[in-house]
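Since the structure comes first, as structure tokens, the remarks are kept for the end.
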Amino acid sequence: MLSIIIPTFNEKENIEKLIPQVFGQLLAANMEGEVIVVDDNSPDGTADAAEAFSERFNVRVVRRPGKMGLSTAVLEGFRQSNSPFLCVMDADHSHNPEAIPRMFKVLMRQGADVVIGSRHVPGGSIVGWPFHRKLVSKGAKLLARPITNVKDPLSGFFMVKREALEGVELNPRGYKILLEILAKGNIHRVEEVPINFRNRRHGKSKLRKGEFWNYLRHSIGLWRTKKPKA
Ligand code: GDD
Ligand code: MN
């Protein structure tokens, strides 16, 4: 069983389209899975919209009282899940659920602890990002170099085995939860599966300038975690 964690803040229109798509993929691939939406009391009613699907699909909504950040939402999703396999993806259609079965196969067959939906391996791409967003992404990637050799350590689309996180204390402050997992988790093998990242469909990015400084502190802090690079 795979738990698909989707953090949301004001993603009503997006989540309404995404949930049926995700289950369409699971069904077609004959996979058993659930969706856990972690919503921060979105004023647009995202939580209710998602919960309405629980009659048709294996969907749960975790409601938090206010906007508390992406990483802590993901960790809350991990806590609410009982599955050995965890997946994280964005609600805004940047991550095509078509990749889920492909990624899961790699997680199962190749003994990987982490599988990344990667924009930076052959076959992967970013579509529709303005120049400045690409530039920031390049800079952010450079800061991650001392921590890991993977090509897309900042992807928001990944799978991880729960056992790789057992006994590991993750710092929920940063936006970049995957980087934190790669730095601190019991990770022996990482695989990257190409994805085509698309700019969001509806609404605005929640990434604020403050996140940049957060990330700077976060990544430099992680440089000191003494772990062999995976
Ligand atoms: N619950 C909750 N609380 N969800 C949040 C919050 C929050 O405070 N902030 C953002 N989210 C949700 C959004 O609703 C969306 O589903 C997902 O997290 C990603 O947020 P975006 O605002 O779309 O982020 P982005 O597109 O700028 O960044 C994405 O791409 C980056 C790759 O360049 C994320 O996936 C990043 O993790 C990733 O590094
Ligand atoms: Mn986005």
Side-chain angles (χ1 to χ4, degrees), residues 4-19 21-22 35-47 49-50 60-80 87-97 99 116-120 124-144 147-148 150-160 172-182 192 195-212 214-216 218-219:
I4 301 164
I5 318 292
I6 310 180
T8 56
F9 190 74
N10 281 347
E11 305 284 6
K12 181 166 185 281
E13 275 178 274
N14 287 321
I15 201 80
E16 281 177 336
K17 293 200 185 73
L18 185 64
I19 288 173
Q21 286 177 13
V22 167
V35 165
I36 302 179
V37 173
V38 184
D39 185 71
D40 281 0
N41 199 16
S42 301
D44 74 349
T46 301
R60 271 191 285 154
V61 179
V62 178
R63 294 166 191 257
R64 302 199 302 174
K67 192 166 185 306
M68 288 152 73
L70 175 54
S71 289
T72 59
V74 170
L75 293 181
E76 184 57 32
F78 288 176
R79 267 193 295 276
Q80 299 281 337
C87 172
V88 179
M89 74 187 292
D90 293 349
D92 62 356
H93 297 270
S94 287
H95 300 143
N96 191 336
I116 302 174
S118 177
R119 301 162 293 176
H120 304 303
S125 65
I126 298 181
V127 181
W129 257 12
F131 176 73
H132 75 270
R133 198 64 221 254
K134 286 194 177 157
L135 198 72
V136 170
S137 176
K138 278 238 161 69
K141 233 180 99 178
L142 269 175
L143 285 168
I147 303 160
T148 171
V150 307
K151 297 283 186 294
D152 198 354
L154 306 176
S155 176
F157 194 7
F158 60 90
M159 292 182 185
V160 58
R173 219 195 304 128
Y175 201 76
K176 305 300 180 185
I177 186 71
L178 174 59
L179 189 64
E180 178 83 6
I181 289 171
L182 293 173
E192 293 185 78
I195 60 158
N196 303 109
F197 180 100
R198 288 168 298 178
N199 207 354
R200 62 165 47 242
R201 216 152 130 183
H202 298 283
K204 277 196 238 130
S205 168
K206 278 90 206 170
L207 192 93
R208 293 279 163 271
K209 291 222 175 66
E211 285 303 339
F212 175 77
N214 252 342
Y215 175 65
L216 197 67
H218 184 210
S219 54

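Counting starts at 1 for both ligands and their atoms, following the listed order. Just the heavy atoms: all of them, side chains too, but no hydrogens, waters or symmetry mates, feed the values below. Counting begins at 1 with the first residue of the sequence.
Taking the Mn ion (ligand 2) as reference, the nearest N/O/S atom within Asp92 carries the name OD2.
Where the criterion is an N or O separation shorter than 3.5 Å, residue side chain and backbone included, Pro7 meets it with respect to ligand 1. Remark: ligand 1 and Arg119 share an N or O pair separated by less than 3.5 Å (distance only, no angle test). Geometrically, ligand 1 and Arg64 share no nitrogen or oxygen pair separated by less than 3.5 Å. Below 3.5 Å of separation, one finds an N or O of Lys206 facing an N or O of ligand 1. Between His95 and ligand 1, no pair of N/O atoms sits closer than 3.5 Å. At under 3.5 Å, a nitrogen or oxygen of Phe9, whether backbone or side chain, sits near a nitrogen or oxygen of ligand 1. Annotation: Lys204 places no N or O atom under 3.5 Å from an N or O atom of ligand 1; distance criterion only.
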Notebook entry, point to check: Could you go step by step and tell me if Glu180 and His218 meet the side-chain hydrogen bond (donor to acceptor under 3.5 Å, both in side chains) rule?
Noted result: CA-CA 9 Å; Glu180 178 83 6; His218 184 210; 2.6 Å; yes
Next item on the list: Evaluate side chain to side chain contact (heavy atoms under 4.5 Å, CB included) for Ser219 paired with Lys176, printing each intermediate quantity in order.
Entry: CA-CA 9 Å; Ser219 54; Lys176 305 300 180 185; over 6 Å; no
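Within the 4.0 Å heavy-atom cutoff, Ser94 does not count among the residues contacting ligand 1. Distances from ligand 1 to the non-hydrogen atoms of Trp129 include at least one value under 4.0 Å.
Between atom 29 (C) of ligand 1 and the options Asp90, Asp152, Thr72, the minimum heavy-atom separation is to Asp90.
Here the options are Leu70, Ile5, Ile177, the test is side-chain contact (heavy atoms from CB on, under 4.5 Å), and the partner is Leu75; only Ile177 passes.
Leu70 CD1, 3.2 Å is the protein heavy atom nearest to atom 18 (O) of ligand 1.
Residues Pro43 and Asn10 meet the side-chain proximity criterion, which asks for heavy atoms closer than 4.5 Å.
Salt-bridge formation is detected for the pair Arg200/Asp92: a Lys NZ or Arg NE/NH1/NH2 atom is positioned less than 4.0 Å from an Asp or Glu carboxylate oxygen.
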